[in-house]
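Report on the following structure.
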2 protein chains.
Amino acid sequence: MTSTDQGRRAVRPTRQRRAVAAALAGFDDFRSAQEIHDLISQQGDSVGLATVYRTLSALADAGEVDMLRNEDGEAIWRSCSDAHHHHLVCRTCGATVEVEGPAVERWTNAIASEHGFADISHTLEIFGTCPACR
Amino acid sequence: MTSTDQGRRAVRPTRQRRAVAAALAGFDDFRSAQEIHDLISQQGDSVGLATVYRTLSALADAGEVDMLRNEDGEAIWRSCSDAHHHHLVCRTCGATVEVEGPAVERWTNAIASEHGFADISHTLEIFGTCPACR
DNA sequence: GAGTGTTTGACAATGGTTCTCAAAAGAGGT
DNA sequence: ACCTCTTTTGAGAACCATTGTCAAACACTC
Ligand SMILES: [Zn+2]
Ligand SMILES: [Zn+2]
Ligand SMILES: [Zn+2]
Ligand SMILES: [Zn+2]
């Protein structure tokens, strides 16, 4: 084992994981796992649906993609910037705008500690109809 | 038909709907439909699960209960106050505090119209560990 | 190339939610 | 009480996104 502990727990850059990453790079709106799976097929690649789910979950854990739930409770995914942010999402076409709200972050933390809650997380998403879908 | 159009589209106060309402009144934290169904059974009543779902959905449409999704995407329900508000929810025991954030409401609307989005809705929930569950 | 732990994918299984539709129950009039 | 019309119910099937299974394929190291 080298100093950086390579060799174990390695994440291998497989064809499948590259295909998922490529698909994610190909759009900038939120999509379901099934849609991403379909996109990969259309690009000529073939990746099992279970692998798509596994890869998306891993990327989300690594902070490379954001996962949120649409109004029907389905998980939707998108490659996002590193910084903490929220989303303005078109209910119809999925078009997404990343938004930041420092004031909101402060507010949620204040409210939580005010009530003695620890280990805070929060969800804040805005849904609407974008100009193109009016 | 009388002037107020009674007689059609009436919502009937059945035993089942009363049982769901009673169960909702019996706790002040968010619960899943299944849990509410179980609570009703424990109270001696018997209501079909489908009816529990139907009743909860109707109450949610009427604005009498709030429905949100836990971190697993499951719908959870709670009888809530009328005014628009958000929730601080204990991830462990479901204990809930209703919170209001006028500034947040203004902020989401401003962001949305700034980007030309219409027909806005938003979700904002805070999850954490309550003092009792530390 | 052999050895070893990782990754994959076809398919089954899970589990929350909705659908189906015949039977039961409320409302109202007679 | 009886009849009629509409609403509601519930047992079970159907749905469908997501996760589990596990043997075969693969990537990496030596
Ligand atoms: Zn994002
Ligand atoms: Zn749109
Ligand atoms: Zn509420
Ligand atoms: Zn708690």
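Chain A is the first sequence line, chain B the second, and so forth, proteins listed ahead of strands; every chain is numbered from 1.
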TODO: Starting from P on C:dT8, measure out to NE2 on A:His37 and report it in whole angstrom.
DONE: 13 Å
Open item on the list: Taking only side-chain N and O atoms of B:Gln16, does any of them lie within less than 4.0 angstrom of OP1 or OP2 on D:dG10?
Closed with: yes
- [ ] Just say parallel, tilted or perpendicular for the rings of A:Phe30 and A:His87, cut-offs at 30° and 60°.
- [x] perpendicular
TODO: Evaluate side chain to side chain donor-acceptor pair (under 3.5 Å) for A:Gln16 paired with A:Thr55, printing each intermediate quantity in order.
DONE: CA-CA 9 Å; A:Gln16 290 85 345; A:Thr55 304; over 6 Å; no
- [ ] Measure from CD on A:Glu35 to C1' on D:dT18 and round the result to the nearest Å.
- [x] 16 Å
Open item on the list: Taking any heavy-atom pair under 4.0 Å as a contact, classify A:Ser57: base, sugar-phosphate, or nothing.
Closed with: nothing
Open item on the list: Less than 4.0 angstrom between a side-chain N/O of B:Arg15 and OP1 or OP2 of C:dG26, yes or no?
Closed with: no
Open item on the list: From CD of A:Gln34 over to C1' of D:dT19, roughly how many Å is that when rounded to an integer?
Closed with: 13 Å
Open item on the list: From CZ of B:Arg17 over to P of C:dA25, roughly how many Å is that when rounded to an integer?
Closed with: 15 Å
Task: 5′-ward residue of the pair B:Glu74/A:Gly48 relative to DNA chain C - done: A:Gly48
Open item on the list: When you measure only distances, ignoring hydrogens and angles, does the side chain of B:Arg54 come within 3.5 Å of the base of D:dG10 through a donor and an acceptor?
Closed with: yes
Open item on the list: Whether B:Thr14 contacts D:dT8 is assessed here as follows: a side-chain N or O lying under 4.0 Å from the phosphate OP1 or OP2. Is that the case?
Closed with: no
- [ ] Round to the nearest Å and state the distance from B:Glu71 atom CD to D:dT18 atom C1'.
- [x] 17 Å
TODO: If the plane angle is over 60° it's perpendicular, under 30° parallel, otherwise tilted; pick one for B:His122 and B:His84.
DONE: perpendicular
Open item on the list: Side-chain N or O of A:Arg12 versus OP1/OP2 of C:dT8: is the shortest distance under 4.0 Å?
Closed with: no
TODO: Answer yes or no: does atom CD of A:Glu100 have more than 12 heavy-atom neighbours from other residues, nucleotides or ligands under 6.0 Å?
DONE: no
- [ ] Side chain of B:Ala50 only, please: which of C:dT17, C:dT7, D:dG10 is the nearest?
- [x] D:dG10
TODO: Could you check how far CG of B:Leu68 sits from C1' of C:dG16, rounded to whole Å?
DONE: 16 Å
- [ ] For D:dT19, take OP1 and OP2 only and decide whether either is under 4.0 Å from a side-chain N or O of A:Tyr53.
- [x] no
Open item on the list: Need one value for B:Thr55: base, sugar-phosphate or nothing, where a base atom within 4.0 Å counts as base even if backbone is also close, heavy atoms only.
Closed with: nothing
Open item on the list: I want to verify a distance call: between C:dG9, D:dC28, C:dT17, whose nearest atom is closest to the A:Val47 side chain?
Closed with: C:dG9
Task: CG (A:Asp61) with more than 12 external heavy atoms under 6.0 Å - done: yes
- [ ] Rounded to the nearest angstrom, tell me the gap between atom CG in B:Leu49 and atom C1' in D:dA11.
- [x] 11 Å
Open item on the list: Can you measure B:Leu56 atom CG to D:dT9 atom P for me and round it to whole angstrom units?
Closed with: 12 Å
